[in-house]
Every structure is written in structure tokens, then in C-alpha cells.
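A note on names: the letters A, B, ... follow the listed sequences, proteins ahead of strands, and every chain is numbered from 1.
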Amino acid sequence: MNDMSKLPRSRAAKWTRRGFIGAGVLAGGALLIGVGVRPGNPVGELGPKVASGEGEQLINSWLKIDADNVVTAIVPHCEMGQGAHSVLAQMLADELDADWSLVKVMQAPTDGSYVVTDTIRMFVAAGTTDAPDWLEPTWNGLFTKIGRLADGLITGGSSSIRTTGQHTMRIAGAAARQMLVGAAAKEWGVPASEIVTANSMLSHKASGKSAPYAQFAAAAAEQDMPQTPKLKAPGDYRLMGTDAPRTDIPAKVNGTAQFGIDTKISGQTMTYAAVRRVPVPGTRVAKMDASAAKAMPGVLQILNLGDFIAVVADSYWQAQQALNGITAEYTAAESKIRSSTDQSAAFAAALDKAGDVGGEEVIGKGKVAEAMQVAAKKLSAEYQAPYLAHAPLEPMNATVWVRDGKCEIWTGTQVPLFARSAAAKALGLSKDDVTVHHPIMGGGFGRRLETDYVIQAVRIGQATGYPVKMIWSREEDTQKGLFRPADMSRFSGGLDAKGRLVAYNNVFTQRHDPQEACDCAFYDIPHKSIRVAEAELHLPFAAFRSVDHSQQAFFIESFIDEAAHAAGRDPLEFRLAMLGGSPRHKAVLEKAAAMANWGAKPAAGRGRGIALTESFGSIVAEVVEVDMTSGKPRVTNVWCAADPGFAMNPDGFRNQMEGGIVFGLTAALHGEISLKDGAVEQSNFHDYQLMRMNECPAIAVEIINGNHEKLGGAGEPGLPPAAPALANAIFAANGKRIRALPIAKQFA
Amino acid sequence: MRRSVLLALATLALSACGSKAEDPVEQIVVRKPGESAAAASTPVADDLLAKGKAAFAACSSCHAVVPGAAAGIGPNLHGVVGRKAGSLAGFAYSEAMTKSGITWSEAELNAFLANPAGKVPGTAMAAGRVADAERRTAVVAYLASLKN
Amino acid sequence: MVKFTINGQPASVEADPAMPILWVVREQLGLTGTKFGCGMALCGACTVHLDGQPVRSCSTPIAEAEGKAITTIEGVAGPEGELSKVQQAWISEQVPQCGYCQSGQIMAATALLRDNPSPSDADIDAAMAGNICRCGTYVRIRRAIKVAAGLEPAKGAAQTGEQAA
């Protein structure tokens, strides 16, 4: 692909509900066919951005085929470990009937053409159609980020498969297959309906003809564009629903995988920056003494940027050593919250003020007050969850080169287009002058939905004018970022004479998910009032894996458990009795119980707890067994049943459930970011502990494919049930009810 | 639902109106990348203090040495020589250490580093034994140099 | 000047002798498979072998490497790039998620299996407890170590689409 300036205009352009499809032919021998699931033909502009070699055919914005018959899927979502790159390629490859061993994945460039919410925008902008059912959970998952639709290259909300996968990658694959078939039919003089595709080959049985896709990639351009390519029915899936091995794993076992922190700029001397942000949010550096630091080895520049100090040096280690030698004073903080006790008091005050009826109503159903009055038995409980740091193992980092009114950025981010805008704004440049490369991430978990660290890096880069790689220390990453908010929640409940939960009154202090997380809508509870009474948060908010579900599931499923015990019922039976109208939830809960052999009594000193949640469209139940014989909780087993609608890659889905469970148990047992003098107390993994191998239980995961037309997410839904199932297990083991997290220190 | 989306888009539009980030409050340029500088020359390897400082890097994951720096896993060691063992305010020493009765001299430090659990049975310093006598002497010399 | 071998090749670097091996390997030698996670020997992402022993390269000064052999993740495979048993098991069990910790995990597991070819669960817990995986792939790491040890059959690098046709 040489002269990209001579791209002709598209030869077809027609809007359809499914998407837009167009094509173009490249001058100079190469050829492009465009299938874009959006208005306007993207291929012309995109060609140069996705081209990597001679002899490649860009079949559409989402796939290329090279002369060796290798299909490259161009995936718009970011890869942070969740496996989206591979599974989206798997979906495209299935519709294309491609040979999985000949499929490669390429990260789509940071370009507006790859906005993944185009499909969403299509519905919103049209203004005539309500968002379809499949979008509902997506809205909820994307919650606060919806405001960023204009830069909607977002990876979050456990949404990649069910939005981009279902509504873009599959269409692209199916359209390309149809075009290849059309081209072969014309050349061979046979009906298209008689041509069979499999393993990246076209064949025609009667004539005995066959050819690899690559042979017809060029001729496919002359085909009419299939405006609504036919997608496969589940019975015809060949790759979808199988454990196709992840394409990114080989590079992750031999050290060649390139993360943002590994960025090298060829031909340039690399420099490194260490940073120290003000310890208390909202304060400023009042005075900096760098006299010792500037004489230290390797130091190039020392910067006071107002809200943080940076040292640029020949080596990251030298930069950090010099930074350690800088003393500073800071301005006073405005927030009155200085300690975790203050934060809890602020929550309690907000909840006190709201009382039984105050606050903003989220869910109102039936007549709670009346139902409570006539209840045969009443119970109430208050729960609390602390702040958490995301702690991805790759600390925040960004490499930048700001020069001649342009800026180039290499950074792991879940929002590359938004990072571009944020950098442009910070530098006073136009978005077009900022290029963002986003390599794979060493964990995201919501932390990399934020762009604070990118802005820091470009401000340093602007001061130096030469390439700088900024890396946060672990201490910085633990203390100075954005956090899963602390939260407090109060419940009161009323049971009728038969021990059924008929009244449910709940008020809590934090809401960042519109609705889904704070309600257990699948339980049949006739009278319900759920309210939010917002309270000041001292630390800045960032979405955390499973967002509000990470606290709410603990609150809700602990309270349901307390209600079951108050009713004198088995916690499983109590829940099942409320699931008459939710057959999928019931099936999932029954499956988890069966896996755990729930009816059998656990060994002495052990207890089992169960919890059921629905988040990001997936229904998950977990049974946790805990051994309390040493006096401290040791989680021995987790049995997890999950219904994501249809698991596109069951092994990948199981891996996400396992990871979500470990993440949830980590938070439940150890996770706590506390405040002292307005600053975060924890600093590194010795005082912000993460679950390790020796604590990790055996985990069994089973999948129920409950509805292939209504897919749920994978990255987050495994987390929410873990904490309540553990807390409920501890109660079952020794009668101690856990009402606040984390748990481990309560048994120290 | 659509209402919330429109609100969010409006918020975005407002947030896009902000001005560009501030320039540095203070910028100290020491030198340019690639330029050699006297200050950047590597320490002489046969100097005892330099050797000690180098060897101390292994200790620095737990011990800070910058005056006033917060304690890590271990206490700040600035000014350790001459200090009574277990006496730094704000650090949670083991009972064994606070009751050891040691006042750190170079010789005491040397003995402790040669065998921490032998010198102070019950010390929380699980790692940190410096078996090599030459290295140990260098580390102690370096520690002794850390004073105001 | 510090002299050592890196993945079998002789090397010498001009560096502050106190500089941790991690930064010499990453920045001066350009081998970025070894990762920075905590800087305090708490997470294991930086694990390399020094004369065969797993060490936390973020907290081991380069002076310690004088005359010794450093092996990083890039040196685990054979000369023709043939993967070690541990690496193969990591693929067959589809262990990595984000992959950031996995270089360190593989270095730790490699040392474990060399010293203890048939580790028990307790042996694995003890040897691997120094390596954090934030994605939570411990269940698979445990299984992959057993597969590499020949104690359990490989689950197989999963099925491809061909079998599903």
C-alpha cells in the first residue's frame, strides 16, 4: 500500500440499521473494500493507519487479508487482560469462516472511525428509536462514562462482546465472507449458493474448485455490498462458543508483550520522570526544596507543576532517588474530612438526615411503611465498605513527546480518544495534533478510564520538549490516584408471618451506577424503597471493577442473608422462594448450590455462604466455604455458576470469573484505603495487601447459556457475589455477622 | 434513559470549555539528555562509603534514610548510630527490639547485621542479614555517615 | 563498570553500583520482559535468576551481579525460541490475563520446578506466595505448574474451531 493520497471515493454508501457498507479501490495495485458500521466510508482515511505490509488487502475497517491468507482482525477495544482482543477476533473469524490458526489481532488506531459506541450513537442521534433491550445493561455499565460518548473509544462496563462483538465484528466478518463468495462465484461461473466457506478457503464441490480467501480478496471489491449480511444462528457457530486459544498469550509468556511501560522510541534517547502529587487532594505545592536533588546523579530537570513535583533523569531509578530527596510543603486542605472516622461520620450524618423516607428515591414499589408496620418480624442493619485502590500491577505511566506544536503519547488506557482530548486540552493543541498509541495494559480495572496520569505526563513533556517516560511509583499509585469510594448503607426489613421478606427499606450514600447495582430486582419483594442520600467523598472517584456492585452486592446480599436467618430459613431456600419470577436467576442459584453440595454439612469449624447477583447482564451465584478453625478466615473453596446468556469463549469466561472472584475476595479480606490527616495511609503491598497464591481457594466455575440473544459481560460480574458469600459463610461458621469490610483485620 | 444521555453530553460540552493546564511553577534545568555532567559521574567503586551505599540498596526497600522520610517496613535509619534501639517515635518496633537495651554503635550494628535473630531474638527484621564481613563493614560505615 | 552475563551473553555496563538490576536490564539492556511492580520486593513482577536463584531485581543492586549470570524471562526459552515446559504449560492452561506479572511468575515457577520437580500444593503456595497476580490467575498458575511437572495432564491449548465444525 503505497500512495494513500490517491484513494478514490467509495463506490457505495447507504445507511442501514445494521450498518453502513462501502468500498474503495486503491491506486497502485492494492485494493480496499470498506465495510463500516457507521455512516460515511471509513476505508479511505483509515488505509494508511492500518496498513502494515505489501500485498495486504484491507477488506473493511475491521479486517485485512494478506497474501499468505492471514486474516487480521482490527479490534477497537483495548486489551487489559480481559481477553477482548482475542474473543472479538474469534467472533469476526467465525462469521468469516476463517481458520483460527491464521487469524491475527491488531489494535485499531486511535481514531474517531473506531468509536465503539457508534452503534449506540446511531440510536441516540436518530432520536426516533428507544434504545433496544441489549443496550440497557450497557448504559448501566458505562454510567459515568456516557458523557464521553463524543470520544467513545471506551473499554469498560463489560461490554466489548455484547456491543462491538455482536454488532460490529460479526457483521464485518459476515459481510466480508459474502463478498468473497460473490467474487468466487463470478470467477468460477457457479451460483454463490453452491460455494462453501471453511477454514479461510472457498470451495465448490460440483466443479472441484477451491481457493484460499487471499486469492479472491481483490475481486471481492467488485461485488455488490451486502447491506444486511446474514449472521449465523447459534447452531451454525464454529468458533463462537469454543475455547479458541487467546491470541495474546504466547507473547505474554516469553517477555515480548509490550505494555505502555515498555515503550521505546526508536532513535531517541529515553528520559524518565518520577512524580509526587500533593498528598491531600485539592492542595498545592507551597514550597519545594530541591537543592539536594539537583546535585544527584542522572538528574536532568526538576519541575514544580503546582499540584505535583516531577524529576526527569537519565534513568527512572535516578529520577525516583532524586525525588525522594526533595522536601516540600503543601497548602492547607479545604475538606474537613481528615480521617476515615470523619468520612464515616459524614456518611452517617447523611443517612441520619435521610431517615426512613428521605434522600433521592431510586426505587419505590408498594407501600413500605405500611408493610413494615404490620410485619410479623422486623430487622435492621448498617453496612460499610472502605475506599479501595485499583492497584493494577503495571503502575500508571505514560511516555510522551511534545514538540513543534504536536504531541505523541504512548500509554495504556481504556479511553484512548478521551486521553487524546485531555492531552490536547492540557497543551492547548487541537486534537488532530495529538497522537495516542495505546499498547496493552498491565491491568485496568477502571483505573485506566481516567486520564489524570496522561495529563501529568504531557505537562512534563511540554516542559522538557524531549521524549519522557513518566512512571508512578507503587506508593504514588496506592496513594495519589482515584479510588473506589467508601460507602455506607442502612436497611430495615419486615417479614410476614410465613417468614417472607415483604418490606425492604434501604438508603445508602454513593451512587455512580444509575440503578442496576443498588437493586436486587430479581427477588420478588412486594414493598420496596431504595434511596440514595449523597455524602461528601474526600478522595476522588474512579469506577472500580464492577463499580457500585462492588459495595452494593455486599450490602444487599448480606442483608438478604440476615433476613433469611431472621426468618429461620435456610439462606438458599429463602432466596429460591423469592425467585419465582426469575427463572434464569433461579437456575443459576440452584446450579451453584448443587456444585457445592449445599445440603451436606461442612466439616467442623467451616461454614458456607451463598450470594446471587446480576451485573452487566450476567447472572452469577457463588458459594464460598470458609475454614475458621484457626480463628482467622481461610477461604477453602468457591463454587461459581454464571449465566452470561451465551459464553462466546467459555474458557475465557471462566478465567474472568476466577479473576473476579479473587478480586472480590481480596477486597473483602484485605482491601482498605484509610485516611490520616487527609492523606491515604497505605503505600505499597505490605500495607495494601492483595490475595496471594497461599490464600487462593480452589475455584470451580460452571456456565449456563441461558439466552444467546441477550448477552452479558464477563470482566466484572464474577466479583460482586464474592464478598457477601464470604461474609455469609463466616456467619454460618461461627455466628459472627460481618457488617463492615475488610474482614481479615476483624480476626487479627 | 435518553434524558440522562443528553445531560451527560451537555456536561461534556461544558467540560470541554476549560483552559489549558498551567505552566510549571518552577523549572530547574540541570542539563540536557545525552550531555555528560560531572555531577552524573558514577561513584568510585572502591570507596568504602560508596560500597556501603551500593550494598544498602538491598536494605532500602524497607528502610528510608532521608531525614524525616516516613518509615517503610523498617524504621528510618538516618542518624541510627548513637540512637537507642527501638526508640524512633511512631515506628512499631518488636518488643524484642525496644527491650534490647542496645544503643547502636558501629560495632553493635555490625553484630546485629551479622546475625539479626541471634543478636536480638524476636526481632521483626526477618531479612537483612549481611553475611559477607566486608560488605557488612561497608554498610555500617554508610549508616554511620547518615547524620546531620 | 559491572560485568556479568545476561541470558548467557557477556555484558558490561556503566552504572551506579547501587542501581537495581531491574533498571539496568530494562533501560540499558532493553530487555523489558522483566517488570516493575512495587520497587520493594513485595510483588515479584521483577523476578530474575541470579546464578540460578530467583531474586527480586527491583531491590538487588547491579553490583551484586558482578561476575554472575542473570537470566530474565527472555532467556527462559531455548536458543531457537523453543518454549520451556513451564512456558508451554502457561499456554496450554491459558494462564495469563493482563500478563504483566507472568514473567515473574514463570521465573519463580521455573526455579521451583528445578529444585523440586514434584511440588505439592503446599510447596507451590510457599514458592509462589511472593508473586502477586492482580488479575487473580492463581488457580491456573497452580494447575500449570502441575502440568509442567507432569503431575497433571495438560488441558490442551483449548480446542480450535476445526473440531467444532
Side-chain angles (χ1 to χ4, degrees), chain A residues 80-83 93-94 100-101 198-199 237-239 242-246 248-250 252-259 261-262 264 270 272 297 315-318 391-395 440-443 471 473-474 651 655 658-663 684-686 690-694 696 698-699, chain C residues 16 19-20 22-23 26-28 30-40 42-43 45 72-74 76-77 81 83 87 90-91 94-103 106 124-126 128-142 157-165:
Chain A
M80 51 185 163
Q82 81 281 35
D94 195 341
W100 184 241
S101 67
N199 295 321
Y237 293 174
R238 292 155 60 95
L239 278 168
T242 71
D243 295 340
R246 275 175 67 157
D248 57 336
I249 286 184
K252 289 177 175 176
V253 306
N254 66 12
T256 57
Q258 292 286 299
F259 297 80
I261 202 169
D262 302 328
K264 295 166 194 138
M270 214 59 216
Y272 301 85
S315 145
Y316 170 71
W317 182 74
Q318 290 171 321
L393 211 51
E394 179 191 11
I440 60 169
M441 284 168 265
I471 304 173
S473 66
R474 176 56 55 189
D651 188 61
N655 203 349
E658 292 161 12
I661 288 165
V662 170
F663 217 91
N684 205 318
F685 296 131
H686 63 291
L690 305 181
M691 177 173 272
R692 292 167 181 272
M693 176 69 85
N694 56 321
C696 183
I699 301 174
Chain C
D16 184 333
M19 185 182 288
L22 173 66
W23 302 108
R26 285 182 57 84
E27 295 175 357
Q28 296 195 31
L31 297 171
T32 52
T34 306
K35 300 304 189 207
F36 167 58
C38 71
M40 284 177 79
L42 296 169
C43 78
T72 67
I73 185 69
E74 290 90 345
V76 170
L83 298 179
Q87 288 172 312
W90 248 246
I91 293 175
Q94 295 280 290
V95 172
Q97 289 188 22
C98 88
Y100 194 79
C101 74
Q102 300 295 351
S103 297
I106 288 169
I124 293 172
D125 282 355
M128 303 301 292
N131 290 71
I132 289 173
C133 173
R134 182 53 161 154
C135 298
T137 63
Y138 298 122
V139 173
R140 285 167 190 250
I141 291 173
R142 198 180 280 155
Q159 308 88 319
T160 65
E162 287 152 69
Q163 63 85 43

task = Go through the steps to decide whether A:F259 and C:K35 satisfy the test side chain to side chain contact (heavy atoms under 4.5 Å, CB included), and finish with yes or no.
result = CA-CA 10 Å; A:F259 297 80; C:K35 300 304 189 207; 3.6 Å; yes
query = Passes side chain to side chain contact (heavy atoms under 4.5 Å, CB included), A:R474 versus C:M40? Steps please.
reply = CA-CA 9 Å; A:R474 176 56 55 189; C:M40 284 177 79; over 6 Å; no
request  = Evaluate the criterion side chain to side chain contact (heavy atoms under 4.5 Å, CB included) for residue pair C:V139 and A:C696; output intermediate values, then yes/no.
outcome  = CA-CA 7 Å; C:V139 173; A:C696 183; 4.0 Å; yes
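Neither the backbone nor the side chain of A:D94 comes within contact range of chain C; no heavy atom of the residue lies under 4.5 Å from a heavy atom of that chain. In this structure, chain A has a heavy atom under 4.5 Å from the side chain of C:W23, while its backbone stays farther away. Contact of C:I124 with chain A is made through backbone and side chain together, with heavy-atom distances under 4.5 Å. Both the backbone and the side chain of C:A129 come within contact range of chain A, judged by heavy atoms closer than 4.5 Å. The contact between C:I132 and chain A is made by backbone and side chain atoms together, counting heavy-atom distances below 4.5 Å. For a residue to count as touching a neighbouring chain, one of its non-hydrogen atoms must lie under 4.5 Å from one of that chain's; by this rule A:I661 does not touch chain C. Both the backbone and the side chain of C:R142 come within contact range of chain A, each with at least one heavy atom under 4.5 Å from a heavy atom of that chain. For A:A257, the part sitting under 4.5 Å from any heavy atom of chain C is the backbone (N, CA, C, O) and nothing else.
Between the side chains of A:N254 and C:Q87, not a single donor N or O lies within less than 3.5 Å of an accepting N or O.
Note: A:R692 CZ to C:M128 CE = 11.5 Å, rounded to the nearest 0.5 Å. Here C:T32 contributes atom OG1 and A:Q258 contributes atom CD; the two are 4.5 Å apart, rounded to the nearest 0.5 Å. Taken from CG in C:D16 to CD in A:Q318, the straight-line distance is 7.0 Å, to the nearest 0.5 Å. Atom-to-atom distance recorded for A:T256:OG1 and C:L31:CG is 12.0 Å, nearest 0.5 angstrom. Rounding to the nearest 0.5 Å places CG of A:D243 at 8.5 Å from CD of C:Q94. Within the model, atoms CE of A:M270 and CZ of C:R26 stand 11.0 Å from one another, a figure rounded to the nearest 0.5 Å.
Figure legend: cation-pi geometry between C:R134 and A:F663, with NZ or CZ positioned under 6.0 Å from the six-membered ring centre and within 45° of its axis.
No donor-acceptor pair under 3.5 Å is formed between the side chain of A:K252 and the backbone N or O of C:Q102. Although no hydrogens or angles enter the test, the distance criterion places a donor-acceptor pair under 3.5 Å between the side chain of C:Y138 and the main chain of A:M691.
The aromatic rings of C:F36 and A:Y316 sit tilted relative to each other, their planes meeting at an angle between 30° and 60°.
By number of non-hydrogen pairs under 4.5 angstrom with chain A, the leading residue of C:C101, C:G136, C:A77 is C:G136. With chain A as partner, the option from C:C98, C:P20, C:G33 having the largest number of non-hydrogen pairs under 4.5 angstrom is C:C98. Contact tally against chain C (heavy-atom pairs below 4.5 Å) for A:D248, A:N655, A:I249: the top residue is A:N655.
Nearest heavy atoms, A:F685 versus C:G37: CE1-O, 4.1 Å. Here the closest heavy-atom approach between residue A:V253 and residue C:P96 is recorded as CG1-CG, 4.2 Å. Across C:S103 and A:G255, no two heavy atoms sit closer than the pair OG-CA, 4.4 Å. Closest approach of A:L393 and C:A45 over heavy atoms only: CD2-CB, 4.2 Å. Shortest non-hydrogen contact noted between A:P395 and C:Y100 is CD-OH, 3.9 Å.
When side chains are defined from C-beta on, C:M19 counts as touching A:S315, because their heavy atoms get closer than 4.5 Å.
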